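Both backbone and side-chain heavy atoms feed into the values below; hydrogens, waters and symmetry mates do not. Please read all numbers here as calculations on a predicted model, not as lab measurements.
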Amino acid sequence: MFYTITMRIKNRETKLYYFAVVLFLLFSPMTAQDADAQLFKRLFKKKAKTEQQQTAVNDGIDDELQLAMKDVTTLPDNSNNRNAFLEIPLGIKASNFERQLLAKGFAERKHDGPQTGKSYIYDGEVFGQQATVTLAVSEKTQRVYAVDIAEAANYDKAGVDRRFQQLKAELRKVYGAGYVDNQGEAYTIQTQLGTVSMHYERASGVSVYNIGFALDDAKAYLMAYNEMDDKEYEEAPRAITNGLAPACNHTDIVGLGVRLLQNATLKGVQTVAKSYDYTVGKATAKAVPASFAMGAYKATVTMTRRRQQITAVTIAANDDAAAVGKDLQTYGFTTAGNKTWRQGRMTATVGTDKQGRVVVTMK
(Lines give C-alpha, C1' and ligand atoms only; values in the text may rest on other atoms or scores of the structure.)
Protein backbone atom coordinates (compact mmCIF):
# COMPACT_ATOMS: atom_id res chain seq x y z
CA MET A 1 0.00 0.00 0.00
CA PHE A 2 1.28 3.46 -0.85
CA TYR A 3 0.46 6.68 0.93
CA THR A 4 1.11 10.29 0.10
CA ILE A 5 1.96 12.93 2.66
CA THR A 6 -0.91 15.39 2.65
CA MET A 7 0.05 16.70 6.08
CA ARG A 8 2.56 19.49 6.52
CA ILE A 9 5.09 19.03 9.29
CA LYS A 10 4.81 22.03 11.59
CA ASN A 11 8.54 22.37 12.27
CA ARG A 12 10.02 24.47 9.47
CA GLU A 13 13.13 22.49 8.90
CA THR A 14 11.18 19.31 8.23
CA LYS A 15 8.24 20.70 6.31
CA LEU A 16 7.52 18.83 3.08
CA TYR A 17 10.73 16.83 3.05
CA TYR A 18 10.42 13.72 5.10
CA PHE A 19 8.82 12.56 1.86
CA ALA A 20 12.14 11.99 0.10
CA VAL A 21 13.26 9.65 2.87
CA VAL A 22 10.00 7.72 2.78
CA LEU A 23 10.18 7.11 -0.95
CA PHE A 24 13.78 5.91 -0.63
CA LEU A 25 12.86 3.50 2.14
CA LEU A 26 9.79 2.23 0.31
CA PHE A 27 11.35 1.74 -3.11
CA SER A 28 15.01 0.94 -2.42
CA PRO A 29 16.42 -2.48 -1.49
CA MET A 30 16.54 -1.41 2.14
CA THR A 31 13.67 -2.67 4.27
CA ALA A 32 11.31 -0.61 6.37
CA GLN A 33 12.97 -2.10 9.45
CA ASP A 34 16.02 0.05 8.63
CA ALA A 35 13.97 3.20 9.16
CA ASP A 36 13.37 5.00 12.40
CA ALA A 37 10.08 3.65 13.74
CA GLN A 38 9.12 7.00 15.19
CA LEU A 39 9.54 8.62 11.78
CA PHE A 40 7.01 6.26 10.23
CA LYS A 41 4.68 6.68 13.17
CA ARG A 42 4.80 10.45 12.75
CA LEU A 43 4.39 10.41 8.98
CA PHE A 44 1.65 7.84 8.64
CA LYS A 45 -0.48 8.67 11.65
CA LYS A 46 -3.16 10.14 9.42
CA LYS A 47 -2.70 7.51 6.68
CA ALA A 48 -3.77 9.95 4.00
CA LYS A 49 -3.91 7.83 0.84
CA THR A 50 -3.05 8.76 -2.70
CA GLU A 51 -5.80 6.39 -3.72
CA GLN A 52 -8.97 8.25 -4.71
CA GLN A 53 -12.18 6.31 -4.30
CA GLN A 54 -14.96 8.87 -4.52
CA THR A 55 -16.38 10.90 -7.38
CA ALA A 56 -14.95 14.42 -7.55
CA VAL A 57 -17.17 17.31 -6.52
CA ASN A 58 -17.86 19.91 -9.24
CA ASP A 59 -16.21 23.10 -7.96
CA GLY A 60 -16.77 25.34 -10.98
CA ILE A 61 -13.05 25.76 -11.81
CA ASP A 62 -12.19 25.47 -15.51
CA ASP A 63 -8.89 23.63 -15.99
CA GLU A 64 -8.42 25.19 -19.40
CA LEU A 65 -8.21 28.66 -17.83
CA GLN A 66 -5.45 27.78 -15.37
CA LEU A 67 -2.10 29.38 -16.20
CA ALA A 68 1.39 28.12 -15.42
CA MET A 69 3.43 30.71 -13.50
CA LYS A 70 2.67 33.89 -15.42
CA ASP A 71 4.34 37.11 -14.25
CA VAL A 72 2.09 38.21 -11.38
CA THR A 73 2.66 41.89 -12.18
CA THR A 74 1.10 41.56 -15.63
CA LEU A 75 -2.33 40.30 -14.53
CA PRO A 76 -5.05 42.37 -12.83
CA ASP A 77 -6.23 39.22 -11.04
CA ASN A 78 -4.08 36.13 -10.48
CA SER A 79 -6.89 33.77 -9.48
CA ASN A 80 -6.07 31.44 -12.39
CA ASN A 81 -2.29 31.90 -12.14
CA ARG A 82 -0.71 28.79 -10.63
CA ASN A 83 2.57 27.42 -9.39
CA ALA A 84 3.63 24.72 -11.83
CA PHE A 85 5.66 21.54 -12.24
CA LEU A 86 7.32 21.07 -15.64
CA GLU A 87 4.98 23.78 -16.97
CA ILE A 88 1.89 21.88 -15.77
CA PRO A 89 -0.19 24.14 -13.51
CA LEU A 90 -1.12 22.82 -10.10
CA GLY A 91 -4.74 23.27 -9.06
CA ILE A 92 -6.11 21.28 -12.00
CA LYS A 93 -7.85 17.89 -11.78
CA ALA A 94 -5.56 14.97 -11.02
CA SER A 95 -6.71 13.15 -14.17
CA ASN A 96 -5.79 16.16 -16.31
CA PHE A 97 -2.45 16.58 -14.55
CA GLU A 98 -1.72 12.88 -15.09
CA ARG A 99 -2.52 13.11 -18.81
CA GLN A 100 -0.03 15.97 -19.24
CA LEU A 101 2.61 14.20 -17.13
CA LEU A 102 2.35 11.01 -19.20
CA ALA A 103 2.66 13.07 -22.38
CA LYS A 104 6.05 14.27 -21.08
CA GLY A 105 7.31 10.68 -20.92
CA PHE A 106 6.50 9.74 -17.34
CA ALA A 107 5.21 6.25 -16.58
CA GLU A 108 2.66 5.44 -13.92
CA ARG A 109 4.07 3.16 -11.27
CA LYS A 110 2.45 -0.26 -11.35
CA HIS A 111 1.68 -1.80 -7.99
CA ASP A 112 1.54 -5.44 -7.00
CA GLY A 113 -1.71 -6.72 -5.55
CA PRO A 114 -5.24 -5.31 -5.67
CA GLN A 115 -5.86 -1.57 -5.52
CA THR A 116 -8.94 -0.02 -3.94
CA GLY A 117 -8.64 3.12 -6.04
CA LYS A 118 -6.44 5.31 -8.21
CA SER A 119 -2.87 6.10 -7.11
CA TYR A 120 -0.86 9.01 -8.50
CA ILE A 121 2.78 7.86 -8.45
CA TYR A 122 5.01 8.11 -11.53
CA ASP A 123 8.58 7.53 -12.65
CA GLY A 124 10.47 9.81 -15.01
CA GLU A 125 13.29 12.29 -15.46
CA VAL A 126 13.32 15.57 -13.55
CA PHE A 127 16.17 18.06 -14.01
CA GLY A 128 18.45 15.40 -15.45
CA GLN A 129 17.85 12.67 -12.86
CA GLN A 130 15.45 9.74 -12.64
CA ALA A 131 12.87 10.42 -9.95
CA THR A 132 9.60 9.28 -8.42
CA VAL A 133 6.84 11.87 -8.65
CA THR A 134 3.82 11.72 -6.37
CA LEU A 135 0.78 13.98 -6.61
CA ALA A 136 -1.00 15.22 -3.51
CA VAL A 137 -4.69 15.35 -4.41
CA SER A 138 -7.50 17.13 -2.56
CA GLU A 139 -10.02 14.93 -0.79
CA LYS A 140 -13.25 16.06 -2.43
CA THR A 141 -12.50 17.96 -5.62
CA GLN A 142 -9.50 15.79 -6.61
CA ARG A 143 -7.32 18.70 -7.59
CA VAL A 144 -3.53 18.51 -7.42
CA TYR A 145 -2.35 20.90 -4.72
CA ALA A 146 1.24 19.67 -4.26
CA VAL A 147 3.84 17.52 -6.01
CA ASP A 148 6.64 15.56 -4.32
CA ILE A 149 9.77 14.60 -6.26
CA ALA A 150 12.29 12.09 -4.86
CA GLU A 151 15.38 11.38 -6.94
CA ALA A 152 16.20 7.70 -7.39
CA ALA A 153 19.96 8.14 -7.00
CA ASN A 154 21.80 7.48 -3.75
CA TYR A 155 24.67 9.80 -2.81
CA ASP A 156 27.54 9.99 -0.37
CA LYS A 157 27.95 13.30 1.49
CA ALA A 158 30.19 14.90 -1.12
CA GLY A 159 27.88 13.74 -3.89
CA VAL A 160 24.72 15.05 -2.27
CA ASP A 161 26.39 18.41 -1.63
CA ARG A 162 27.23 18.67 -5.34
CA ARG A 163 23.74 17.64 -6.40
CA PHE A 164 22.27 20.11 -3.90
CA GLN A 165 24.02 22.98 -5.67
CA GLN A 166 23.05 21.67 -9.12
CA LEU A 167 19.39 21.22 -8.21
CA LYS A 168 19.31 24.55 -6.40
CA ALA A 169 20.53 26.27 -9.57
CA GLU A 170 17.88 24.51 -11.68
CA LEU A 171 15.07 25.45 -9.28
CA ARG A 172 16.21 29.08 -9.18
CA LYS A 173 16.02 29.27 -12.98
CA VAL A 174 12.38 28.18 -12.93
CA TYR A 175 10.98 29.55 -9.66
CA GLY A 176 13.27 32.45 -8.74
CA ALA A 177 15.48 33.23 -5.77
CA GLY A 178 14.96 31.61 -2.37
CA TYR A 179 16.92 31.08 0.80
CA VAL A 180 19.07 28.38 2.37
CA ASP A 181 17.09 26.59 5.06
CA ASN A 182 17.48 23.98 7.82
CA GLN A 183 21.09 24.88 8.68
CA GLY A 184 22.20 24.37 5.09
CA GLU A 185 20.43 21.09 4.27
CA ALA A 186 17.47 22.67 2.50
CA TYR A 187 16.58 25.44 0.08
CA THR A 188 13.17 27.13 0.07
CA ILE A 189 11.62 29.34 -2.59
CA GLN A 190 8.39 30.97 -1.44
CA THR A 191 6.60 33.03 -4.06
CA GLN A 192 3.16 34.57 -4.12
CA LEU A 193 1.98 31.57 -6.15
CA GLY A 194 3.34 28.79 -3.95
CA THR A 195 6.32 27.24 -2.22
CA VAL A 196 9.17 25.05 -3.45
CA SER A 197 11.27 23.20 -0.87
CA MET A 198 14.40 21.19 -1.65
CA HIS A 199 15.96 19.02 1.02
CA TYR A 200 18.33 16.11 1.44
CA GLU A 201 18.26 13.42 4.12
CA ARG A 202 20.55 10.67 5.34
CA ALA A 203 19.00 7.21 5.42
CA SER A 204 18.80 5.74 8.91
CA GLY A 205 21.86 3.76 9.94
CA VAL A 206 23.88 4.21 6.74
CA SER A 207 25.89 7.00 5.10
CA VAL A 208 23.56 7.17 2.11
CA TYR A 209 21.81 10.40 1.17
CA ASN A 210 18.71 11.10 -0.88
CA ILE A 211 17.59 14.40 -2.33
CA GLY A 212 14.39 15.77 -3.76
CA PHE A 213 11.99 18.65 -3.62
CA ALA A 214 8.31 19.40 -3.20
CA LEU A 215 6.14 22.23 -4.41
CA ASP A 216 2.64 23.42 -3.72
CA ASP A 217 0.23 25.94 -5.14
CA ALA A 218 -0.96 28.41 -2.49
CA LYS A 219 -4.52 28.67 -3.82
CA ALA A 220 -4.90 24.93 -4.40
CA TYR A 221 -3.56 24.16 -0.93
CA LEU A 222 -6.01 26.62 0.66
CA MET A 223 -8.83 24.88 -1.17
CA ALA A 224 -7.56 21.40 -0.22
CA TYR A 225 -7.13 22.48 3.41
CA ASN A 226 -10.77 23.59 3.55
CA GLU A 227 -11.82 20.17 2.24
CA MET A 228 -9.94 18.25 4.94
CA ASP A 229 -11.98 16.72 7.74
CA ASP A 230 -8.94 16.42 10.01
CA LYS A 231 -6.59 19.41 10.05
CA GLU A 232 -4.67 18.54 13.22
CA TYR A 233 -1.38 17.86 11.45
CA GLU A 234 -1.79 20.40 8.68
CA GLU A 235 0.01 23.71 8.39
CA ALA A 236 -2.41 26.61 8.05
CA PRO A 237 -2.56 27.95 4.47
CA ARG A 238 -1.53 31.47 3.53
CA ALA A 239 -4.27 34.03 2.94
CA ILE A 240 -5.03 34.77 -0.72
CA THR A 241 -5.80 38.25 -2.11
CA ASN A 242 -6.54 38.68 -5.82
CA GLY A 243 -5.08 35.23 -6.39
CA LEU A 244 -1.81 35.90 -4.58
CA ALA A 245 -0.33 34.88 -1.23
CA PRO A 246 1.83 37.35 0.75
CA ALA A 247 5.46 37.73 -0.28
CA CYS A 248 8.08 35.80 1.70
CA ASN A 249 8.97 37.51 4.99
CA HIS A 250 10.86 34.82 6.88
CA THR A 251 14.11 32.92 6.37
CA ASP A 252 16.30 30.63 8.47
CA ILE A 253 18.11 33.37 10.41
CA VAL A 254 18.07 31.24 13.57
CA GLY A 255 19.68 28.29 11.81
CA LEU A 256 22.24 30.66 10.33
CA GLY A 257 23.07 32.07 13.77
CA VAL A 258 23.51 28.59 15.22
CA ARG A 259 25.79 27.53 12.37
CA LEU A 260 27.89 30.68 12.73
CA LEU A 261 28.44 30.05 16.44
CA GLN A 262 29.26 26.42 15.75
CA ASN A 263 31.97 27.59 13.33
CA ALA A 264 33.09 30.62 15.33
CA THR A 265 36.42 31.36 13.67
CA LEU A 266 37.05 34.12 11.16
CA LYS A 267 37.38 31.65 8.28
CA GLY A 268 34.56 29.45 9.57
CA VAL A 269 31.89 32.17 9.72
CA GLN A 270 32.87 33.51 6.30
CA THR A 271 32.39 30.03 4.83
CA VAL A 272 29.02 29.54 6.56
CA ALA A 273 27.70 32.97 5.56
CA LYS A 274 28.62 32.36 1.92
CA SER A 275 26.94 28.93 2.02
CA TYR A 276 23.75 30.78 3.06
CA ASP A 277 24.14 33.05 0.01
CA TYR A 278 25.10 36.03 2.16
CA THR A 279 27.54 38.57 0.77
CA VAL A 280 30.46 38.86 3.20
CA GLY A 281 31.93 42.33 3.64
CA LYS A 282 35.42 43.35 4.62
CA ALA A 283 36.36 42.20 8.09
CA THR A 284 37.55 44.82 10.59
CA ALA A 285 39.47 44.35 13.81
CA LYS A 286 36.17 44.15 15.69
CA ALA A 287 33.58 42.63 13.36
CA VAL A 288 32.73 40.72 10.19
CA PRO A 289 29.70 42.04 8.26
CA ALA A 290 27.44 40.12 5.87
CA SER A 291 24.16 40.83 4.09
CA PHE A 292 21.39 39.10 2.17
CA ALA A 293 18.60 40.41 -0.07
CA MET A 294 15.67 38.55 -1.63
CA GLY A 295 13.23 40.98 -3.19
CA ALA A 296 11.92 43.20 -0.40
CA TYR A 297 13.37 40.90 2.27
CA LYS A 298 16.73 42.06 3.62
CA ALA A 299 18.97 40.82 6.41
CA THR A 300 22.29 42.01 7.82
CA VAL A 301 24.70 40.12 10.05
CA THR A 302 27.33 41.55 12.35
CA MET A 303 29.76 38.98 13.75
CA THR A 304 31.72 40.39 16.66
CA ARG A 305 35.30 39.10 16.78
CA ARG A 306 38.19 38.88 19.19
CA ARG A 307 41.26 38.18 17.07
CA GLN A 308 40.36 35.09 15.01
CA GLN A 309 37.43 34.07 17.23
CA ILE A 310 33.79 35.13 16.85
CA THR A 311 32.18 35.94 20.20
CA ALA A 312 28.66 37.05 19.18
CA VAL A 313 26.35 37.16 16.16
CA THR A 314 23.67 39.81 15.59
CA ILE A 315 21.16 39.41 12.75
CA ALA A 316 18.69 42.14 11.84
CA ALA A 317 15.99 41.47 9.24
CA ASN A 318 12.50 42.59 8.23
CA ASP A 319 11.34 39.19 9.41
CA ASP A 320 8.39 37.69 11.28
CA ALA A 321 9.06 37.75 15.03
CA ALA A 322 6.56 34.96 15.76
CA ALA A 323 8.17 32.72 13.13
CA VAL A 324 11.60 33.45 14.59
CA GLY A 325 10.32 32.34 18.00
CA LYS A 326 9.00 29.08 16.51
CA ASP A 327 12.38 28.47 14.90
CA LEU A 328 14.16 28.97 18.20
CA GLN A 329 11.93 26.28 19.69
CA THR A 330 12.62 24.02 16.72
CA TYR A 331 16.36 24.39 17.26
CA GLY A 332 16.00 23.45 20.92
CA PHE A 333 15.94 26.86 22.61
CA THR A 334 13.70 27.46 25.61
CA THR A 335 12.47 30.70 27.14
CA ALA A 336 10.46 32.04 30.05
CA GLY A 337 9.44 35.31 28.43
CA ASN A 338 10.05 35.15 24.64
CA LYS A 339 12.93 37.64 24.88
CA THR A 340 15.89 35.60 26.11
CA TRP A 341 16.24 32.04 24.86
CA ARG A 342 18.74 29.40 25.97
CA GLN A 343 20.08 26.15 24.62
CA GLY A 344 22.96 24.73 26.68
CA ARG A 345 25.65 27.42 26.75
CA MET A 346 24.14 29.29 23.83
CA THR A 347 21.82 32.27 24.44
CA ALA A 348 19.67 34.26 22.02
CA THR A 349 17.90 37.55 22.65
CA VAL A 350 15.10 38.74 20.37
CA GLY A 351 13.93 42.32 19.96
CA THR A 352 13.21 45.03 17.37
CA ASP A 353 15.15 48.08 16.25
CA LYS A 354 13.99 51.59 15.31
CA GLN A 355 13.31 50.45 11.75
CA GLY A 356 10.96 47.74 13.04
CA ARG A 357 13.31 44.95 12.07
CA VAL A 358 13.58 41.79 14.14
CA VAL A 359 16.99 41.68 15.82
CA VAL A 360 18.43 38.38 17.08
CA THR A 361 21.68 38.39 19.06
CA MET A 362 23.30 35.03 19.76
CA LYS A 363 26.28 34.26 21.97
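A donor-acceptor contact closer than 3.5 angstrom is absent between the side chains of Asp148 and Thr134. Checked by atom type, the side-chain pair Gln165/Asp161 shows no donor-acceptor distance below 3.5 Å. For the residue pair Tyr225 and Glu235, no side-chain donor N or O sits within less than 3.5 Å of a side-chain acceptor on the partner. Using modelled atom types and a 3.5 Å distance limit, the side chains of Asn242 and Asp77 yield no donor-acceptor pair. Defined by atom type and a distance below 3.5 Å, a donor-acceptor pair is missing between the side-chain atoms of Gln309 and Thr265. In this model, no donor atom of one side chain and acceptor atom of the other lie less than 3.5 Å apart for His199 and Asp181. Counting only N and O atoms by type, the side chains of Asn182 and Tyr200 include no donor and acceptor under 3.5 Å apart. In the model, Thr311 has no side-chain atom that pairs as donor or acceptor with a side-chain atom of Thr304 under 3.5 Å.
A 4.5 Å side-chain heavy-atom check between Thr347 and Phe333 finds every atom pair outside the cut-off. A heavy-atom distance below 4.5 Å is found between the side chains of Val133 and Val126. Val144 has its side chain out of reach of Ile88: every pair of non-hydrogen atoms, C-beta onward, lies at least 4.5 Å apart. No side-chain heavy atom of Gln130 sits under 4.5 Å from any side-chain heavy atom of Glu151. A 4.5 Å side-chain heavy-atom check between Lys219 and Leu222 finds every atom pair outside the cut-off. Proximity of Leu193 to Val72: side-chain heavy atoms (C-beta onward) are separated by under 4.5 Å at one or more points. Residues Arg307 and Arg305 form no side-chain contact, since every pair of their non-hydrogen atoms from C-beta on lies 4.5 Å or further apart. With a 4.5 Å cut-off on side-chain heavy atoms, Asp319 and Thr251 count as touching.
When the options Val147, Thr188, Asn83, Thr191 are evaluated for a side-chain contact (heavy atoms from CB on, under 4.5 Å) with Val196, the one that passes is Asn83.
Side-chain N or O atoms of Asp217 include none that pairs as donor or acceptor with a backbone N or O of Gly194 at under 3.5 Å. Side chain of Glu227 to backbone of Lys140: a donor-acceptor contact under 3.5 angstrom is found. In this structure, the side chain of Lys93 engages the main chain of Thr141 through a donor-acceptor pair within 3.5 Å. For the pair Gln343 (side chain) and Tyr331 (backbone), a donor-acceptor distance under 3.5 Å is present. Tyr187 places a side-chain N or O within donor-acceptor distance of the main-chain N or O of Gly178, the cut-off being under 3.5 Å. Between the side chain of Arg357 and the main chain of Thr352, no donor-acceptor pair closer than 3.5 Å is present. A distance-only check finds no donor-acceptor pair linking the side chain of Thr241 to the backbone of Leu244 [under 3.5 Å]. Without hydrogens or angle criteria, Asn210 side chain to Arg202 main chain gives no donor-acceptor distance under 3.5 Å. Formation of a donor-acceptor pair under 3.5 Å by the Thr335 side chain with backbone atoms of Thr340 is found in this model.
Classification of the Phe97-Phe85 ring pair by plane angle, with boundaries at 30° and 60°, yields parallel.
Cation-pi contact between Lys298 and Phe292: absent, since separation from the ring centre below 6.0 Å together with deviation from the ring axis within 45° is not met. The cationic atom of Lys231 (NZ for Lys, CZ for Arg) does not lie both less than 6.0 Å from the six-membered ring centre of Tyr233 and within 45° of the ring axis.
With a 6.0 Å radius and a threshold of 12 heavy atoms from other residues, nucleotides or ligands, Lys104 has its NZ atom above the threshold. Within 6.0 Å of the NZ atom in Lys363, the count of heavy atoms belonging to other residues, nucleotides or ligands does not exceed 12. Within a 6.0 Å radius of CD in Glu87, other residues, nucleotides and ligands contribute 12 heavy atoms or fewer.
The side-chain contact (heavy atoms from CB on, under 4.5 Å) check on Gln329 picks up Trp341, with sequence neighbours excluded.
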Test log, rule side chain to side chain contact (heavy atoms under 4.5 Å, CB included), inputs Lys168 and Asp277: CA-CA 12 Å; Lys168 172 184 167 184; Asp277 295 336; 2.9 Å; yes

Please test Arg163 against Glu170 for salt bridge (charged side-chain N to carboxylate O under 4.0 Å, His left out), starting from the C-alpha separation and ending with a verdict. CA-CA 10 Å; Arg163 181 55 182 164; Glu170 294 290 348; over 6 Å; no

Does Val288 form a side chain to side chain contact (heavy atoms under 4.5 Å, CB included) with Leu266? I'd like the steps, not just the answer. CA-CA 8 Å; Val288 182; Leu266 180 59; 3.4 Å; yes

Determine whether Arg143 and Asp59 satisfy the following criterion, salt bridge (charged side-chain N to carboxylate O under 4.0 Å, His left out), listing intermediate values before the conclusion. CA-CA 10 Å; Arg143 293 192 174 275; Asp59 52 25; 2.5 Å; yes

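Between Gln183 and Arg259, the shortest heavy-atom contact is O-NH1, 2.7 Å.
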